[in-house]
Structures are given as C-alpha cells and as structure tokens.
S.K.: 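I have a structure I would like to understand better, so I am pasting it below and will then ask my questions one at a time.
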2 protein chains.
Amino acid sequence: MNHHKEVTIYDIAKTLNISAATVSRGLKDHPAISKNTKKRIIEAAKAMGYRSNTFASNLRRQRTNTIGIIVPRLNSTFMSDVIAGMEKIVNDAGYNLIISQSLESVEKEIKNAATMFNNRVDGLLVSLAYNTENINHFSQFIKKGIPLIFFDRVYEHPACPTIVINNYKAGYEITSHLIEQGCKDIMHISGSQLRNVYLQRCKGYKDALADHGIPFKNNNLIINNLSATEATQTAHQILSMPDRPDGIFAANDTCAVSCMIELRKHGVRIPDDIAFAGFNNDPISQIVEPNLTTVDYKGNEMGAVAARTLIGHLNGNFDFLLTNTLMLRHELIIRESSLKKEMFYEQ
Amino acid sequence: MNHHKEVTIYDIAKTLNISAATVSRGLKDHPAISKNTKKRIIEAAKAMGYRSNTFASNLRRQRTNTIGIIVPRLNSTFMSDVIAGMEKIVNDAGYNLIISQSLESVEKEIKNAATMFNNRVDGLLVSLAYNTENINHFSQFIKKGIPLIFFDRVYEHPACPTIVINNYKAGYEITSHLIEQGCKDIMHISGSQLRNVYLQRCKGYKDALADHGIPFKNNNLIINNLSATEATQTAHQILSMPDRPDGIFAANDTCAVSCMIELRKHGVRIPDDIAFAGFNNDPISQIVEPNLTTVDYKGNEMGAVAARTLIGHLNGNFDFLLTNTLMLRHELIIRESSLKKEMFYEQ
DNA sequence: AGTTCAATCGCAATCGGTTGCATAAAGAAA
DNA sequence: TTTCTTTATGCAACCGATTGCGATTGAACT
C-alpha cells in the first residue's frame, strides 16, 4: 500500500510535451524559460501533486540544504528559545534542521558530530558539552570548509565565528551589585572552567572584587557541575564553614536555587544572612522564595543571529569573517534574593 | 576550498581492482561477498576516508532513513527526556531525526507537517499542539502509508498507534487523594478538552468525585491554557469566589505552581486552606513552597517505546496494529502541598 | 533576401549507490 | 572426466533533478 508512485518532472514533461530540463528550470524560476511555459509547468505540477525529490537534487547539486545543531540539552527555556529562533530563520531560507543533544557528554557530542558529518550538513551550529576539552571531532568540518559556528558555550578558533553574550561583564555587574548591597564576603559557584561562559563569569567576579578592594579568597570559589544535586552538597559545605559568606553568585539558576533552598532549610535567612544571585533567568528564578536575582539574555535572538550568520556564509557572504565574535546584550534582573538594603522598593 | 573531492565506491573499486557493486555489497555486509574481500574493502574504505553518500542511497532505495518528530515545545524536562529516549533507539537503528516544535499552534504544526512530508520522512512521531482540532494535515502521511504514531497528546485514528499513560486513572487517583486528605470542595483547572491528556484527567476527576459522593459543581471546573499567566488570573478569580475550594487539582505543574504562589501572596495557606496538586513532576514542583503533590511519568520510556514501535513498523513488524494503544505506568507523588492530615510524617 | 541576435528550449551527461540477473570459478557428486 | 551446485563477483540499468552547451525560432536590421 506504500507504493503510490511519485510524480516526477518527467511526468510533467510528458504531460506538457516538453523536456524535463525545461520543467526543472521552470520550477526553479529560471530566466531562460518563458512566462507562459512557466505558468503551465507550475499549474501542471500542482495539479499532478508533484513534490520535488530532495535527494536527487542534493545528489546532483552536492549540497544537502540541511543545517545541524548540537546542544547540551533541549530542556531549558533558553535552549528551546534558541532553537525556535534558529528554526524560523533557517526555514525561511529554505534549509532543514537536524537537532541533537549531547546530554553534556563529550562522547555523545563526538557521536553526534559524526552523524552530522555523514549526513553532510551544509553547516553546523554548536554549543559545547560540559566537559569537552578540544574540538578535534569538529576538525573534519573545518578541513572540508563546512562552516561551523559556536554559540553560547563556544570554542575560540580562527575558522569559527562565535555568538555570545558578555559573560565577563555580566559576572562583573552581578558581583558589583552584591557588593553594593553590602556584601563583603562573596562566594562564587562556577562550572567547568573549560567553558567560556563559566570562566568569563568567574573572571568578572574576581575583577569586580578587586576593583572594590575586596581580596579574593580561594575558599570562596567552588567549582561543581551546577546541577541541583551538587548544589545541595555545596550548601552543606557552606553550612560547615567557620565563616560563611554573606553573598553567593552562582553561575546558573538551577544551582543558585537548589543551594538557596537547602540553606534556608537549615535556618539561613535570604538575603539577610546570605544574598543570592544566579544566571539565566529561568522560570524557577521567579518561583523560588525569595525570587532570585539573575541575568537575563534572549535565546531567540541568539539563535536567530547564529542562524543568520551561518546562512550568510553559505550564501557566500564572507563579511562575518571580519567580525569573528558577535556579542549580544544581557540584562541584570534584580529581585529580592539580593536586596539587603531596605531603601530599594518597587511599587 | 570547499571542494576536496569525496571518495566514492568507484574509487575504492578502482583501487582494489574490483567492481563498485562488490564494494557496495561489501560495505553493507552482504552475505554473497567473501570474508576476505569484505575485509579488504572495509580497510580500503577507512584508509581512503570514504563516507557513504546518503542521498545517492536514498534516491536509489526510495527511503530516507529519517524519522520526523513534532512536539508542542522542547523546553520541558519531560519533552527533553522523551526526545533523548527516541534519539537513542532511533540512532541505534540507523535512522536520523528531524525535530521541530509547533509552539502550541496548529498553523506551525501544519507547516511542520508539510516540511516533514517534503523531506519524505519514513515515519512520524507526533504530540499534538494545544488547539489542533483535526489531523487533516497528517492525512497525506496516512494516505501514502507512512507510519504515524502519536504519543502523550494523541489523536485516535485507526491507522495510528498511540503511546500514552492512563490519564484517567491518574486524574482519578490524585482527586481521590485530595478527598482522603479531607477536601470536600475540589476545583480542577484543566486545558483544552480537545487534548486527551486534559480530557481524561478531567474525567478521572469527575468520576472520583462521584464515587466519593461529592457532587460536581460547574464553577469548580476551569479551563485555561495552563500557562503561568493564565494561572495567575485564575488565582484572582478564585480569590473573588464567595466560597473558595479547599483543594485544587491542576492539569499541569506550571499552572499549579503559579496559581498557588499567587494565592499564597494573598494570604491563602497551603495546604490548610487549599490543598494543591499538579501533574508532570516538573523540577519546579520540588522547588515551590510547599513542595507540590503531582504525578510522575517517564519521558525517556515514552520516547523509547514510541520510537521502537515506529521502527518495528518500518521493519515490517505489524504486531502493534493489534495493540493500537500502548499505556505506560505513572506514579502519584505526594508532597506537602496536599498533606492536610498531621498523621503523615516522613522522617 | 541575407544576417544578426536574443529568447527559448532540448540533449545528454552527471551525481553515487543499489540490485536483478548473468557469469565465472571452485568444489562436490556421479 | 563430466555434470551439478555453491559461492563470488561483475554488468548495467536504474533513482530524479540539474546544467553546460548546442539547436531552433522569430524578429529586427542591413
């Protein structure tokens, strides 16, 4: 029952008594085909229920019209937005999308890259897994001249444009905010320093301390995987500290929230004893009590920009090589978890 | 720089002085090729950096080896798990995946379906958008005999297997639980009754009431889109009711949480004044205070089962036609938001 | 009438695997 | 040695769209 035969350009050609070449050109709006013939072709195609065979076309043109995406996870509002943003641009440009998640593991990332390569994607958009140390698994793309663009969790490589926010500045701002609120002993919970996002936020944190004359203490920098589980462990670590910090800046909201909740369970008052700040503006940041101060940035935009850059390249627009890094804006969102001073009220 | 020419089976054939047909068969582990020749072919292929051209293969075999997925959104732990589950099965079976989100809109769902159709997916896995009323946009697949499987948010059609949980039973159980906790006036917040998941949970709710001798009140059934925004509005609606309910069962956690938070802001005590229950076991259900009673079910499993069913069909295994509906297990997770009785303590 | 030129359109090769059928080689049975 | 099977491999025709190049046609121009 599966084999209703598809109509091809040859069928259309036969019906109209013209050649398949003309049909092909007509369908593609080729200038050498007369207005009238084009109309007849298009009408016949519709009437006969023709649909182009992508594979024949791809085979002949040596292009797949497909773009690959590899992300750590799909289950965040942020990533979902990123992908929605990419989808729109990419579809409008007539490309298709293959999406896969590395689930934060290099091994899976390598497999995914191989799959993408074998599927001959025309270009690749990547946000790196937690523990990826090098991009050897992507070198096959670079060697073949297949455009590779990193976003958010990027890797600096002369051949690869990157789309990011100013993580350094955001880290600096949020730390400065905590200092302004009166914190003098601020802890930072960060993730793998292999990832630019965490490394830069951490640098911003350190520089903000320095610029405000606060010495950096090694004990105040904790690196974990930023999961809820490890955040809870970190909370216990903090509880057992002789002098607890009076402010905590966690590199993502999941970590901030779980840590904060655990501390509260053990009698720590937020923000009075410890002020809190996270990163990402996840929905949970507005649900947890007290609401979490955080940094917001637009996934939709980042996805759209990344996709546009890639498609620009595929169309032979090499401008972006000059601007190797595209930096998008972010916004500090101040909520109760960090408001120690009574003077700040919103009506 | 893009045009390092690819090595083909013809290149391998020439190198080994055999025919391309033999190379093709050797690579596919065809039984008619001798052990020795196979080894030589595989080694040569690796040495020469050969990669199969999917398009040539697809064109000839009239199959794409691609499976399409259409979901409402990607940004939930549940959907992310579902897709991870599908990915594993599907990759292991040698298929590729095209994923797209309808963003809860029929229009986008229709577009996505068209894209999938034009890409000639071998099969399709679908969870319907919020307001989809019919599946005309999928009839093209059914007509062509392309297997179509619905999961979670399904549509009953003789040609389409469905993968679900027992939403009716879950709704019944959670309502019964609220009743056992002493609730006598239970409200249910549900979503579009076009979607089985909400309709069935609602039926379970009604039947549980009836079986416990509690009359159903029309005012106690509220239908909204289950978003945070509308949940907050619903909260205000509840605040203005002359007799407020003493228990609320919301059809998802997002709605339950937002509604609960808004009520608390206005002095409603949870669970004492109003007991709360949600659905899905989202991460927020463990973050909100008090922790939310909810229903858990495994996305990974659902994804894997759906994918396995589809691939079974593609391989000509028609068994599943007998079992048109596959029902997976779920679990009631009781937390503080619904524990009115003091007798329940966990150490 | 003879030429020129632009507008249209067709021929046929090509992209790289796949597969039914024929063939060849090697071993088994007679 | 002859004949019948197996076992391995090659031939060549696909799959359907694309495109360089050449052919045709009719109109415009000398």
Side-chain angles (χ1 to χ4, degrees), chain A residues 2-42 44-45 48-66 94 96 117-120 122 144, chain B residues 2-42 44-45 48-66 94 96 117-120 122 144:
Chain A
N2 201 330
H3 298 296
H4 314 247
K5 50 215 162 298
E6 297 278 343
V7 335
T8 70
I9 54 170
Y10 296 98
D11 300 323
I12 299 179
K14 204 173 298 171
T15 303
L16 297 182
N17 234 28
I18 56 181
S19 77
T22 302
V23 176
S24 173
R25 295 199 176 96
L27 256 14
K28 286 270 180 282
D29 203 34
H30 191 285
I33 305 296
S34 76
K35 209 94 180 158
N36 182 42
T37 311
K38 262 181 207 165
K39 215 185 79 178
R40 290 174 57 220
I41 292 174
I42 290 171
M48 301 172 68
Y50 168 81
R51 54 174 181 162
S52 165
N53 186 317
T54 327
F55 307 103
S57 173
N58 286 345
L59 175 59
R60 177 59 223 244
R61 296 187 313 132
Q62 302 283 63
R63 282 184 70 172
T64 68
N65 256 56
T66 299
N96 290 117
F117 190 67
N118 286 328
N119 275 325
R120 289 180 158 74
D122 286 337
K144 274 223 173 351
Chain B
N2 202 329
H3 298 297
H4 314 247
K5 51 216 160 301
E6 297 278 343
V7 333
T8 71
I9 54 170
Y10 295 98
D11 299 324
I12 299 179
K14 205 172 297 170
T15 303
L16 297 181
N17 234 28
I18 56 181
S19 77
T22 302
V23 175
S24 174
R25 294 198 175 96
L27 256 13
K28 286 270 180 287
D29 203 33
H30 191 285
I33 304 298
S34 77
K35 210 94 181 159
N36 181 43
T37 311
K38 261 181 208 164
K39 215 185 78 178
R40 290 173 58 219
I41 291 174
I42 290 170
M48 300 171 68
Y50 168 80
R51 55 174 179 162
S52 166
N53 186 319
T54 326
F55 306 104
S57 173
N58 287 344
L59 175 59
R60 177 58 223 242
R61 296 185 313 131
Q62 302 285 63
R63 283 185 68 173
T64 68
N65 254 58
T66 299
N96 290 116
F117 190 67
N118 286 328
N119 274 324
R120 288 177 159 74
D122 287 337
K144 272 223 174 349

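Residue numbers begin at 1 in each chain, while the letters A, B, ... track the order of the sequences.
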S.K.: Let me see the working for T66(B) and N119(B) under side chain to side chain contact (heavy atoms under 4.5 Å, CB included), right down to the final yes or no.
M.R.: CA-CA 9 Å; T66(B) 299; N119(B) 274 324; over 6 Å; no
S.K.: Determine the minimum heavy-atom distance between N58(B) and F55(A), stating which atoms define it.
M.R.: ND2-CE2, 3.3 Å
S.K.: Measure the CD1-CZ distance between I9(A) and R25(A) for me, rounded to the nearest 0.5 Å.
M.R.: 10.5 Å
S.K.: Rounded to the nearest 0.5 Å, how far apart are CG of N17(A) and CD1 of I12(A)?
M.R.: 14.0 Å
S.K.: Could you work out, with side chain to side chain contact (heavy atoms under 4.5 Å, CB included) as the rule, every residue matching T37(A), not counting sequence neighbours?
M.R.: I18(A), T22(A), I33(A), S34(A), I41(A)
S.K.: Do the numbers put R51(A) on top of the ring of F117(B), so that NZ or CZ is under 6.0 Å from the six-membered ring centre and no more than 45° off the axis?
M.R.: yes
S.K.: To check you understand the geometry: which heavy-atom pair defines the closest contact between A13(B) and A20(B), and what is its length?
M.R.: CB-N, 3.6 Å
S.K.: What residues in residues 10-26 of chain A put a non-hydrogen atom under 4.0 Å from any atom of DNA chain D?
M.R.: Y10(A), A21(A), S24(A), R25(A)
S.K.: Measure the spacing between CG of D122(B) and CZ of R63(B) and express it to the nearest 0.5 Å.
M.R.: 5.0 Å
S.K.: Calculate the interatomic distance between L27(A) atom CG and dT19(D) atom P; express it in whole Å.
M.R.: 13 Å
S.K.: Can you list, by residue number, the residues of residues 28-40 of chain A that have a non-hydrogen atom closer than 4.0 angstrom to DNA chain C?
M.R.: A32(A), I33(A), S34(A), T37(A)
S.K.: At their closest point, which heavy atom of A45(A) faces which heavy atom of L27(A), and how far apart are they?
M.R.: CB-CD1, 4.3 Å
S.K.: List the atom of T64(B), the atom of R120(B), and the distance in Å for their closest heavy-atom pair.
M.R.: CG2-O, 2.6 Å
S.K.: Using five pairs at either end of the helix from dA1(C)-dT30(D) to dA30(C)-dT1(D), determine the angle between the two local helix axes and round it to 10 degrees.
M.R.: 50°
S.K.: Can you list, by residue number, the residues of residues 48-60 of chain A that have a non-hydrogen atom closer than 4.0 angstrom to DNA chain C?
M.R.: L59(A), R60(A)
S.K.: Rounded to the nearest 0.5 Å, what separates atom CG in N53(A) from atom OG1 in T8(A)?
M.R.: 9.5 Å
S.K.: First and last nucleotide of DNA chain C touching chain A, 5' to 3', heavy-atom cut-off 4.0 Å?
M.R.: dT8(C) to dG16(C)
S.K.: Rounded to the Å, how far apart are Q62(B) CD and dC14(D) P?
M.R.: 14 Å
S.K.: Nearest 0.5 Å, what's the OG1-CE distance between T15(B) and M48(B)?
M.R.: 3.5 Å
S.K.: Heavy atoms only: give me the nearest R40(A)-L16(A) pair and the separation to one decimal.
M.R.: NH2-O, 3.4 Å
